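Working notes, structure below.
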Amino acid sequence: MAAPTARTTIPSIRIIHSEQQQTSLQSQRMTCASELSARIDEFFGVTQPLRAVVLERSVIEDNGPGRISMASTLPPPYDTPDAPAPAYDDIQEPATLSRCFFYYGFVFPLFWILGALILFITLRPTPESECGKTAEQQAEELAIIRRTEIRWSQKCVLAIFILIIAITITVVTLSLCRT
């Protein structure tokens, strides 16, 4: 009786001489991988969602391998002379004192108290002769600034409350751990 012999297989090595051969080899691998993936998905009952491929001004729905159908054309572009795109102005909020107090309060928390006090301060317009703006322009600017200052002052108040709650929890926890 002959002893069984072990066979070893040596993987074949392909030498790629040009970029064209390399891209064709890669496309073959991708095709094999997609076919394998499709077979596995089909086995487990997975359905692929519809994919849309955009070609120039028409849409082609890809319902799987070999099932391509024309769906519709794309809508017209939004930026046309008869219907221009809406203009969105980038309105920057003004840099206010309460905003600075909020940010610097993370370094020195007493600034949050100063920022919260701005809620109780009223803004007064400067005389027209000094700033060169009309009363209406000043009223608009003061309304924007006041709204911004109130928002940042409220953030300062919230930061103070969170700091007080954190200190209270820390003190209570440490006092309970010692006993």
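The structure displayed is predicted, hence computed values, not measured ones. We number each residue from 1, following the sequence as shown.
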Donor-acceptor pairs under 3.5 Å, side chain of residues 165-173 to any protein atom, not counting sequence neighbours: which ones?
{"from": "T168", "atom 1": "OG1", "to": "I164", "atom 2": "O", "distance (Å)": "2.7"}
{"from": "T170", "atom 1": "OG1", "to": "A166", "atom 2": "O", "distance (Å)": "2.7"}
{"from": "T173", "atom 1": "OG1", "to": "I169", "atom 2": "O", "distance (Å)": "2.6"}

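In this structure, the side chain of S153 does not engage the main chain of A116 through any donor-acceptor pair within 3.5 Å.
One finds the CG atom of L97 at 11.5 Å from the CD1 atom of I145 (value rounded to the nearest 0.5 Å). Of the inter-residue distances, the one linking W112 atom CH2 with L158 atom CG reads 9.5 Å to the nearest 0.5 angstrom. Note that the CD1 atom of I113 and the CD1 atom of I160 stand 5.0 Å from one another [nearest 0.5 Å]. Rounding to the nearest 0.5 Å places CZ of R146 at 8.5 Å from CD1 of I118.
Taking both residues in full, the closest heavy atoms of E149 and L123 are given as OE1-CD2, 4.4 Å, listed atom of the first, atom of the second, then distance. Nearest heavy atom pair, residue C156 against residue G115, reads SG-CA, 3.8 Å.
Every pair passing ring-ring contact (aromatic ring centres under 6.0 Å, His included) that includes a residue from residues 134-179 is listed here, sequence neighbours excluded: F102-W152, Y103-W152.
Note on L110 and V107: separate hydrophobic clusters, where clusters join Ile, Leu, Val, Met, Phe, Trp and Tyr whose side-chain heavy atoms are under 4.5 Å apart, directly or indirectly.
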Verdict with supporting geometry, F111 and F106, side chain to side chain contact (heavy atoms under 4.5 Å, CB included): CA-CA 8 Å; F111 282 133; F106 288 102; over 6 Å; no
Criterion side chain to side chain contact (heavy atoms under 4.5 Å, CB included) on I144 and R147, from CA distance to verdict: CA-CA 5 Å; I144 292 170; R147 217 176 315 128; 4.0 Å; yes
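Just one of L119, I162, L117 meets the side chain to side chain contact (heavy atoms under 4.5 Å, CB included) condition when paired with V157; it is L119.
Partners of Q137 by side-chain contact (heavy atoms from CB on, under 4.5 Å), not counting sequence neighbours, listed by chain and number: K133, T134.
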